[in-house]
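Written below as structure tokens is the structure these notes are about.
No hydrogens, no waters, no symmetry mates; every other heavy atom, side chains included, goes into these values. Indexing begins at 1, ligand by ligand and atom by atom, following the structure's order. This chain uses plain numbering: 1 for the first residue, then up along the sequence.
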Amino acid sequence: MNTRKNQRNLTSTQRTRFVEAVLELKRSGRYEKYVRTHAQYFASDGENGLRVAHMAPTFFPWHRQFVLYFERDLQLIDPSVTVPYWDWTVDDKETSALWSADFMGGNGRDSDGQVMTGPFAYSGGRWPITFGVTDEKYLTRNIGRPDRPIKLPTKAELDGALALGTYDTAPWNSAPDTQGFRNRIEGWTVSETKGGYLHNRVHQWVGGHMIGAASPNDPVFWLHHAFIDLIWVRWQRLHPKSGYLPSEALAGDDPESGRVISADEPMPPWNVKPSEMFDHRPYYQYEE
Ligand SMILES: [Cu+2]
């Protein structure tokens, strides 16, 4: 059984094996596929057409499938590897071992945001950025955004989102009045100063490549989204009678018809249905 562990509990061997598998995926050219796919599906409310990865109910099932395919690709390289998760309500500082030189490496330097330590530093020669929204060939971070500081979400903020009993609500997008668990966790409901803004705020807190469409360029993306996935598991446990919404395809005259995927409609690019992703247990378990 594949067991995903809290990154803080990994042994140094497990950390190294994860890093080496990621670097090998990069060397083989297959890592880029994940960056490209994420960027391609980074559609927003303002665009026309389908929203699948973000600003939509499929935020959770789409990323579950995305992380799972990535994990399987790593396992073709090293079958012992699973994607660890980063509980940012606990490991909420730049001094966390997450950012050490044998794992994710540290913050970007002041002058250009370039990550200078760890396996993903450009100077190591193993982590060139080849697909990004900027021209930088090196990985960048700006942890905590010191010019306009932000903090990671707290446990109380996470618990507030987990308490919401409704998965999602019409109009199924990022509008601040789209209440429900999905939009609160994804992070569009409340401004950062008011304490909402959960998943999005973590991307902002890391900064650099973690902001925006090409965010999987930073390998911490996977640890963040593994925790987002675990949050969905916890929500399902807390609300066993609540399910994914919309449960059925939207009516043809609904303004969101054709833009939102219901439980049994296929999600591109894999044509997997959200309902096939509701239960994580056939694929992996979490050590909590
Ligand atoms: Cu994300």
Q | Vertex the Cu ion (ligand 1), arms to H225 NE2 and H203 NE2, rounded to 10° | A | 140°

Q. Within H224, is some N, O or S atom less than 2.8 Å away from the Cu ion (ligand 1)?
A. no

Q) Is the Cu ion (ligand 1) less than 2.8 Å from at least one N/O/S atom of H199? A) yes

Q.
Taking the side chain as everything from C-beta on, heavy atoms only, tell me whether D218 gets closer than 4.5 Å to V115.
A. no

(Q) With a 6.0 Å cut-off (strictly less than), is the heavy-atom count around NZ of K151, excluding the residue itself, greater than 12? (A) no

Q.
When you compare the side chain of T3 with that of Y286, does any pair of heavy atoms fall below 4.5 Å?
A. no

**Q.** Validation row: F278, W232 side chains within 4.5 angstrom (heavy atoms)
**A.** yes

